[in-house]
Amino acid sequence: MRALWALIHSRNLEFIRDRSALGWSLFFPLILILALGLIFDDEEKSIYQVGYINATSVSEIKQTLKHVEFIQYPDLATAQHKVSRHLVDIVIDTDHYWVNADSSRGYIIEQLVLTRVPTLQKQLIEGDAVRHIDWLLPGIIGMNMMFSALYGVGYVIVRYRRTGVLKRMQVTPLAPWQFLLSQLLSRLFTLVVTSIIVFMVVCVIFSVNIVGNPLLLLLNITLGGAAMLGIGLLVASRADSEEFSNGILNIFSWPMMLLSGIWFSLEGAKPWVRTIADLLPLTHMNDANRAVIIDGADFFAIFHHLWPLALITCVTLSLASWRFKWN
C-alpha cells in the first residue's frame with residue numbers, strides 16, 4: 001500500500017507542477033460554461049420562423065406577434081429556397097407571402113400572419129423537407145474528421161518531442177516544414193479514405209441521394225481535413241505535454257462542436273454567433289457538403305467555402321513551420 005500511495009502522490013505532484021495542465025483543468029470548464037450561457041441563453045424561445053427581404057413588410061407583424069423569429073434574407077430566391085426545404089416557415093415581401101403547402105408549421109403561421117395583414121397575396125412553393133439523416137450525415141462525418149485531425153496528429157508530435165524522437169531528427173537535413181507536411185499528408189490520406197468508407201456505408205443503409213457532384217464532396221473534405229490538420233500541427237508545434245495540448249485543442253474543438261452546425265442549424269442565430277461560426281473550418285466544410293448533397297450546388301456555388309479552408313491550411317502550416325521546435 002505504501003508503494004501505491006507513493007505513486008499516487010508523485011503523480012499528483014507531477015500534475016500540480018505542470019501549471020499549463022492545471023490551469024486548463026480549472027479555467028476551461030468556466031470558459032465553456034460562460035460561452036454556452038451567452039450563446040444559448042434565450043428566455044423567449046421562438047416557435048416559428050418568418051423570412052423577409054424588406055424590413056417594412058414585416059414591421060406591423062413584428063409588433064403584434066410573439067414567439068416568432070424574423071430572419072432577413074438578401075434576395076427573394078434565397079428566401080424561397082428556404083421555404084421549399086422547410087427551413088423557414090413562411091416568407092413575406094411587400095404585398096405577397098410564400099408558404100410551402102406541405103408544411104404544417106407554415107399553415108399555422110400563415111393564419112397568424114393573415115389576421116394581422118389580411119391584404120397579403122398568397123404564393124405556394126413546392127418542395128420536400130430535408131430528411132434528418134441527409135442533414136445530419138455531413139455534420140457527423142465532419143465531427144469525426146475534426147477529432148481525428150486535431151487530436152491524432154497533435155498527440156503524435158507531442159509524444160515524439162517528449163520521447164526524444166524529434167531531437168534525433170534534428171540532426172538530419174530535414175526541415176520543419178518537410179516534417180510537418182509529411183505528417184499532414186499522411187494523416188490526410190487516412191482521414192479522407194475512412195470518411196469515404198463511412199459515407200458510402202451510410203448512403204447505402206439509409207438510401208441517401210447525392211444531388212450534386214460527388215467529386216466536389218471529395219474536394220471539400222480534403223480541404224476541410226487539411227485545414228483542421230493544420231490547426232492540430234500549429235498547436236503541437238511547441239507543446240511540451242499532452243495535458244497542455246489537450247487544453248488548447250479543446251479551445252478549438254468545442255466551438256466547432258457547438259457552432260459548426262453538426263447537430264442543429266444556425267438559421268436565425270444571433271449575428272455575432274454566426275460571425276464566430278464563419279471563422280471555423282468545420283462550418284465551411286459542413287455547409288459546403290450539405291449544399292452539394294441536398295441542393296446539388298456546383299463548384300462556384302461553394303467556392304466561398306473552399307477558399308477559406310485552403311487559406312487556413314496555408315496559414316496554419318506556415319505558422320507551425322515557423323514556430324516549430326524539435327526539443
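The structure displayed is predicted, hence computed values, not measured ones.
Counting heavy-atom neighbours within 6.0 Å of Lys325 NZ, excluding the residue itself, gives a total above 12. Applying the 6.0 Å contact sphere to CE of Met200 captures no more than 12 heavy atoms from other residues, nucleotides or ligands.
Between the side chains of Tyr48 and Glu69, no donor N or O sits under 3.5 Å from an acceptor N or O. Side-chain contact check for His284 and Asp278: no donor-acceptor pair (N or O, by modelled atom type) lies under 3.5 Å.
Without hydrogens or angle criteria, Asp75 side chain to Ala77 main chain gives a donor-acceptor distance under 3.5 Å. In terms of modelled atom types and a separation under 3.5 Å, the side chain of Asn213 and the main chain of Leu215 share a donor-acceptor contact. Of the possible polar contacts, one joining the Asp298 side chain to the Ala301 backbone as a donor-acceptor pair under 3.5 Å is found. Between the side chain of Asp89 and the backbone N or O of Val50, no donor-acceptor pair lies under 3.5 Å. Using modelled atom types, one side-chain atom of Asn220 and one backbone atom of Met285 make a donor-acceptor pair closer than 3.5 Å.
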inquiry  = Under the criterion side-chain contact (heavy atoms from CB on, under 4.5 Å), I'd like the reasoning laid out for Ile125 against Val99: C-alpha separation, chi angles, the key distance, then a yes or no.
reply    = CA-CA 6 Å; Ile125 295 179; Val99 67; over 6 Å; no
request  = Could you walk me through whether Val113 and Ile92 pass the side-chain contact (heavy atoms from CB on, under 4.5 Å) test, one step at a time?
outcome  = CA-CA 9 Å; Val113 168; Ile92 301 174; 3.8 Å; yes
message = Could you go through Leu280 and Leu259, starting from their C-alpha distance and side-chain angles, then the distance that decides it, and tell me whether this counts as side-chain contact (heavy atoms from CB on, under 4.5 Å)?
response = CA-CA 8 Å; Leu280 305 174; Leu259 301 179; 4.1 Å; yes
Verdict with supporting geometry, Gln123 and Tyr97, side-chain contact (heavy atoms from CB on, under 4.5 Å) = CA-CA 6 Å; Gln123 300 287 334; Tyr97 70 91; over 6 Å; no
Return a table of donor-acceptor pairs under 3.5 angstrom between the side chains of residues 143-153 and protein atoms on other chains or two or more places apart.
unit_1, atom_1, unit_2, atom_2, d
Ser148, OG, Asn144, O, 3.0
Tyr151, OH, Asn250, OD1, 2.6
Tyr151, OH, Ser253, OG, 3.1

N/O donor to acceptor pairs below 3.5 angstrom from side-chain atoms of residues 222-237, sequence neighbours left out:
unit_1, atom_1, unit_2, atom_2, d
Thr222, OG1, Leu218, O, 2.7
Ser237, OG, Leu234, O, 2.7
Ser237, OG, Arg323, NH1, 3.0

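Hydrophobic clustering (ILVMFWY, side-chain heavy atoms < 4.5 Å, transitive): Ile262 and Leu279 are in distinct clusters. Transitive grouping of hydrophobic side chains (ILVMFWY, heavy atoms separated by less than 4.5 Å) keeps Val204 and Val198 in distinct clusters. Hydrophobic clustering (side-chain heavy atoms under 4.5 Å, transitive across Ile, Leu, Val, Met, Phe, Trp, Tyr) keeps Ile133 apart from Leu87.
The CH2 atom of Trp135 sits 9.5 Å away from the CD1 atom of Ile140 when rounded to the nearest 0.5 Å.
Here Arg274 pairs with Asp287 in a salt bridge; the nearest charged N to carboxylate O distance falls below 4.0 Å.
Among all heavy-atom pairs drawn from Thr313 and Leu309, the shortest one is OG1-O, 2.9 Å.
Using a 4.5 Å heavy-atom cutoff, the side chains of Trp98 and Leu124 are not in contact. In this structure the side chain of Phe179 reaches within 4.5 angstrom of the side chain of Phe324, judged on heavy atoms. No side-chain heavy atom of Ile53 sits under 4.5 Å from any side-chain heavy atom of Gln72.
Figure legend: Arg161 and Trp326 shown without cation-pi pairing, the cationic atom not lying both under 6.0 angstrom from the six-membered ring centre and within 45 degrees of its axis.
Within the structure, side-chain hydrogen bond (donor to acceptor under 3.5 Å, both in side chains) contacts touching residues 186-208 (residues at least two apart or in different chains) do not occur.
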